Amino acid sequence: MRFLYRRPKLDLINEELNTVMEVMVSDVFVYLDLFVFSFIFTLLLSPVLPSIAMSILFFLACYGLLSCLYFLIFNLILKKY
């Protein structure tokens, strides 16, 4: 079975990996991940939160805090060096 499978060239593999890394590290993808994680965190804590309005406020606060942390750490601190 091994002789039927041809391995791709190293240049093609590197090109595909670079494309994947560019997408995974892009700001839009990171903010989308933060949105999904904040939503999941809010859903998991929904039995503890007293109302829907508090759930929405908690979601917005959680997303805002995580977005600010990402912006401060990666955009301001790490891009200086």
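Keep in mind that this is a model prediction, so the values were computed, not measured.
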Rounded to the nearest 0.5 Å, the CD1 atom of Ile52 sits from the CG atom of Leu57 at a distance of 12.0 Å
Are Leu60 and Phe37 connected in the hydrophobic side-chain network, where two residues link if heavy atoms are under 4.5 Å apart? no
hydrophobic_cluster_shared for Leu43 and Ile56, side chain cutoff 4.5 Å: yes
How long is the span from the CG atom in Leu17 to the CG atom in Leu10, to the nearest 0.5 Å? 9.5 Å
Rounded distance [0.5 Å steps], CE in Met24 versus CG in Asp33: 7.0 Å
Within the distance-only criterion (no hydrogens, no angle test), does the side chain of Ser67 pair as donor or acceptor with the backbone N or O of Gly64 below 3.5 angstrom? no
Quick check, are the ring centers of Phe41 and Phe58 under 6.0 angstrom apart? yes
Tell me whether Val20 is reachable from Phe29 by hopping between hydrophobic residues (I, L, V, M, F, W, Y) whose side-chain heavy atoms are closer than 4.5 Å. yes
Do the rings of Phe59 and Tyr63 sit parallel, tilted or perpendicular, given the 30° and 60° boundaries? parallel
Within this structure, what is the CZ-CG distance for the pair Phe39 and Leu34, rounded to the nearest 0.5 Å? 15.0 Å
Indicate if Val36 and Val30 have the same hydrophobic cluster label, given that clusters are the connected sets of ILVMFWY residues with side-chain heavy-atom separations under 4.5 angstrom. no
Could you give the distance from CG (Asn18) to CD1 (Ile13), rounded to the nearest 0.5 Å? 12.0 Å
Between CD1 of Ile40 and CG of Leu45, what distance do you get to the nearest 0.5 Å? 12.0 Å
If you take all heavy atoms of Ser55 and Thr42, which pair is closest and at what distance? O-CG2, 3.5 Å
Using the rule that two of Ile, Leu, Val, Met, Phe, Trp, Tyr join whenever any of their side-chain heavy atoms come within less than 4.5 Å, decide whether Leu32 and Tyr70 are in one cluster. no
